[in-house]
Amino acid sequence: MKHLLTIGDLDRGELEELLDHADRFAEVLTRSVPKVPALRGRTVVLAFFEDSTRTRSSFDVAARRLSADVINFSAGASSLNKGESLRDTVETIHAMGIDAMVVRHRSSGAPHRIAEWIDASIVNAGDGWHQHPTQALLDSYVLRKRLGSLDGRHIAIVGDIAHSRVARSDIEAFTALGARVTLVGPTTLLPPTLSPWNVEVAHDLDAVIGDLDAIYLLRIQNERLAEPLIPSNREYRDRFGLTAARARRLRADAVICHPGPMNLGVEIDREVTANDDRVAVLDQVAAGVPVRMAVLFNVIGHGRFDDTPSGGDEPVPAETNEVHS
Amino acid sequence: MTTIVLRGGQLLDRSGRRSGDVLIDRETGRIIEVGPGLSGDDVLDATGCVVTPGFVDLHVHFREPGDEVAETIMSGSRCAARGGFTAVVAMPNTDPCTDSASVINEVLARGASALCEVRPAGALTVGREGRALAPMAELATLGVRIFTDDGNGLQDDRLMRRALEYAGSIVTDDGVPVVVAQHCEVASLSAGGVMHEGEWSARLGLGGQPAEAEELMVMRDIALARMTGTRVHFQHLSTAGSVAMVRAAKAGGLPVTAEVTPHHLSLTDASCAGFDPVFKVHPPLRTEADVAALRAGLHDGTIDAIATDHAPHAPETKEHPFDQAPPGMLGLETALAVVLADAGVSLDQAVALLSWQPAAIAGLADRHGRPIAPGEPANLAVFDPEHSWTVRGAESASNSDNTPFEGRTLNGRVRHTIHAGEPVVIDFEATR
C-alpha cells in the first residue's frame with residue numbers, strides 16, 4: 001500500500017491486516033521504552049492545512065514511536081497565505097526530501113490531488129466531508145476489541161452524516177468488516193443519496209436503539225444551525241441525543257463512540273459520558289496511536305509483519321526490532 | 001484579385017450534400033464560384049473532406065479584458081478557428097464586464113483582427129449583479145444582439161420580467177431582435193455546490209448543485225417568455241428536466257431556444273471521482289440519464305444549438321483542491337469531434353447544430369451558416385472525418401490547457417478554416 005486515501009481502497013483482508021498490525025504496535029506501547037526503530041531515517045511531514053489537535057498529535061506520537069523524523073507544517077505559517085497554489089506548496093515540501101506526507105485539508109480530495117503531484121506516500125488525515133480513514137480504522141479497532149468482531153453487528157451512526165468525513169469512512173469500514181449499519185438523523189443531515197453504500201436509514205432513534213451493538217454519535221457543528229439544517233440543539237437532543245433515558249434502553253454490552261470533541265447536552269449528555277463504561281471515547285483516542293503506527297509502517301516501512309516468526313513476541317520486522325531509546 | 005480554391009471536397013450546407021470545388025476571392029471575402037474543376041491562385045486540398053459553412057459558437061469566454069493570462073481574444077479566436085468556428089459570441093463576464101458601450105467597443109476593436117468574428121454579448125444587468133438593467137438599447141446600436149449575465153443566473157423574478165419586456169421593445173437598425181440568454185441557476189439552491197448533487201457528490205463529500213437549481217429557473221423563464229412574448233435563449237442546459245420543459249414550451253409555441261455543450265453530451269459526474277478540477281464546470285456534469293436526455297433533445301429539435309462554453313483557466317488556478325478551483329473547461333478545438341463521437345448525431349445534424357442554427361439565434365445569419373454558393377460570404381470549415389488525433393491541452397492554441405478530453409483519441413478534425421475569405425487554419429494549424 002503506497003497511500004492511504006480512502007477506506008474504500010482497502011478490502012476486508014487489508015483492513016483486518018492493518019488492525020492486526022495495530023494490535024502488535026499496541027503491545028510495543030506497553031513496553032518500558034515504547035519505541036521501535038521501524039522508520040528510522042524516514043521523514044514524515046504532518047501537513048495540516050486545517051486546524052487539528054487530536055489527529056495531529058496522534059500522528060506525531062505514532063511517527064515518533066516508530067523513530068521517524070517528523071516535520072510539522074501548518075498552513076498558517078506557509079506561503080499558502082501568499083497566494084501559492086497547493087501544488088507549489090506540496091512540491092516545495094517534497095523537495096526537502098520526505099517519505100510520507102500526512103495531509104489534513106478542509107477540501108475533499110486534496111490528498112488525492114497531492115498523491116498525483118508528488119512521489120511520496122500520502123496518508124489522508126481528514127479531507128473535507130470526504131474521508132478520515134485512520135479515524136475509521138481506530139473506530140473499527142475499538143469496536144473489534146469491545147465486541148470481538150464486527151461481523152453481523154448492528155451499528156448506528158447518528159447525526160450529521162452529510163458533512164462528516166468520519167461517517168463516510170466509518171460506513172465503508174464497518175460494512176466492509178461485516179457490520180450492519182443504520183444511519184440515524186433528519187434528512188437535512190443525510191447525504192443527498194445513500195446509493196453508494198449498503199446502509200439503512202432511520203429517522204427515529206428510539207425505534208432502533210434497543211437493537212444496537214454500537215452507537216456512534218457525530219458532532220453537531222454550529223454552522224448546521226446557521227444554515228439551518230436543524231431548528232435548534234434542543235430539538236436535536238430531543239430526537240437524536242443520547243440522553244440518560246435513551247442510554248438505559250441501549251443494551252448492556254453495547255458500545256458508545258464519539259470522534260470528539262463532544263457537545264455535551266446535544267449529541268450526548270454529561271450524565272452518560274461521566275458514568276457509563278459503555279462509553280469508549282478515550283479508548284478511541286488511545287487506539288489512534290497504534291493504528292496510525294500501523295498505517296505509517298504499512299506505507300513507508302521497510303519490511304512486512306509476515307517476515308517475523310508467527311507467534312513470536314517481536315511485533316516489528318527482524319531487522320528493526322532492537323529497541324532504541 | 002487573389003483567389004483560393006478548396007479542391008476535391010464534398011459540400012454540406014442546408015440544402016444537403018454534393019461534390020464540388022469552391023473558388024474564393026480573398027479580397028471581397030466571398031465565394032466566386034462553386035463547381036467541378038475550378039482553379040485559383042492558391043489551392044487548399046479538401047480531398048476526402050467535407051466543406052461546411054463555418055461554425056458559430058453562442059458561448060465562449062475569451063477573458064479579455066481582465067484575465068489575459070488565461071486567454072485573449074486573439075488566442076481564443078485561434079482556438080475557434082482550429083475548431084472550424086468563424087464566429088463566436090463572447091460572454092460578458094470579463095473584468096470589467098460588458099455592461100457599457102466602452103467595454104463593448106473595446107472587445108469589438110480587439111476582435112477586429114482576430115481569426116474569427118467576435119461578437120460580444122452584453123451584460124443583462126449592470127455589473128452582472130442582477131439589480132439594474134444594463135443599457136441594452138445603447139449596446140444594441142453597437143451590434144450586440146445577445147444579452148446575458150452568464151456565470152450568474154438573473155435571480156430576481158421581477159427584474160427578469162422587466163428585462164424581457166425591455167429587450168422585446170428594442171428596435172435594431174437591421175431589424176434583428178435582441179435575445180435574452182439565461183444561465184439558469186437558482187443561486188440559493190446551488191450555493192456551496194461544486195458538482196452535480198447525486199451519488200458521486202455523496203460519495204466524494206463534495207457539495208452538490210441539484211438539477212432543480214437549473215430547472216426551477218428554466219421553469220420560471222418559460223413562464224416569463226409566455227407572459228412577455230419575448231424570446232428566451234437557454235444557455236448550456238444540462239438536465240433531463242430542463243430538456244423536457246423546453247420541449248413542452250416549444251410544443252406550446254413559446255419563443256424559446258436552447259443550447260447544450262459538447263461536454264454535457266459526453267461526460268458525467270463520475271468524471272469527478274479523482275477530484276481533478278478539470279472536470280469542474282457550471283452547470284456541473286450530470287448523470288447518464290441527463291446525458292441521454294440531452295442527446296434525445298438534439299435529435300428531436302428541442303435543442304437548437306451546440307455551444308462550447310469554452311472557459312479557459314490558467315493551469316495554476318486548477319492546481320488547487322476541487323472545491324477551490326474555478327469552474328470551466330476548454331471546448332472550441334474539440335467540439336465537432338466530441339459531438340460526433342459521443343452525441344449520437346450525424347455529421348449533417350452536427351453541422352446544423354453548430355452552424356446555421358446558432359447563426360440565426362445570434363443574429364449572424366446574414367454572413368454565417370450560409371449556403372455554399374457564389375456571392376455568399378466565404379466563412380467555411382473543411383472537416384476531415386478520417387483524421388485521427390489525440391487531444392493534448394499543451395497543444396491547444398489556448399493560453400490555457402484545461403481540456404477534459406486530455407489524452408483522448410478522436411476521429412475527425414477541422415483541416416482548414418476560411419474566415420471572410422482568409423485561410424485562418426491550413427492543415428490543422430492556425431496561420432497567424
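FYI, side chains are in, hydrogens and waters are out, and symmetry mates aren't considered; it's all heavy atoms of this structure. Everything numeric here is computed off the predicted structure, so don't read it as measured data. Below, chains carry the letters A, B, ... as their sequence lines are ordered, and counting in each starts from 1.
- Residue A:Arg113 holds its CZ atom at 4.0 Å from CG of B:Asp276, rounded to the nearest 0.5 Å.
- Few gaps surround CG on A:Asn72; more than 12 heavy atoms of other groups in view lie less than 6.0 Å from it.
- Counting heavy atoms from C-beta on, the side chains of A:Pro192 and B:Ser201 come closer than 4.5 Å.
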(request) Could you check B:Gln324 against A:Arg106 for side-chain contact (heavy atoms from CB on, under 4.5 Å), going step by step and ending with a plain yes or no? (result) CA-CA 10 Å; B:Gln324 292 174 23; A:Arg106 67 185 174 85; 3.4 Å; yes

(message) Is there a side-chain contact (heavy atoms from CB on, under 4.5 Å) between A:Glu91 and B:Glu319? Walk through the geometry before answering.
(response) CA-CA 11 Å; A:Glu91 284 180 345; B:Glu319 291 177 348; over 6 Å; no

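- Interface summary for chain B: among A:Pro191, A:Gly8, A:Ser108, the most heavy-atom pairs under 4.5 angstrom belong to A:Ser108.
- At a threshold of 4.5 Å between non-hydrogen side-chain atoms, the residues B:Arg203 and A:Ser195 do not count as touching.
- When heavy atoms are compared at a cutoff of 4.5 Å, A:Gln131 does not approach chain B at all.
- Within 6.0 Å of the CG atom in A:Asn198, the count of heavy atoms belonging to other residues, nucleotides or ligands does not exceed 12.
- At most 12 non-hydrogen atoms from other residues, nucleotides or ligands lie less than 6.0 angstrom from CZ of B:Arg131.
- Using cut-offs of 30° and 60° on the angle between ring planes, the pair A:His130 and B:Phe275 is perpendicular.
- Shown here for A:Arg168 and B:Ala202, the closest heavy-atom pair between the two residues is NE-O, 2.6 Å.
- Taken from CH2 in B:Trp200 to OG1 in A:Thr193, the straight-line distance is 12.5 Å, to the nearest 0.5 Å.
- Not one N or O on the side chain of A:Ser85 forms a donor-acceptor pair closer than 3.5 Å with the backbone of B:His320.
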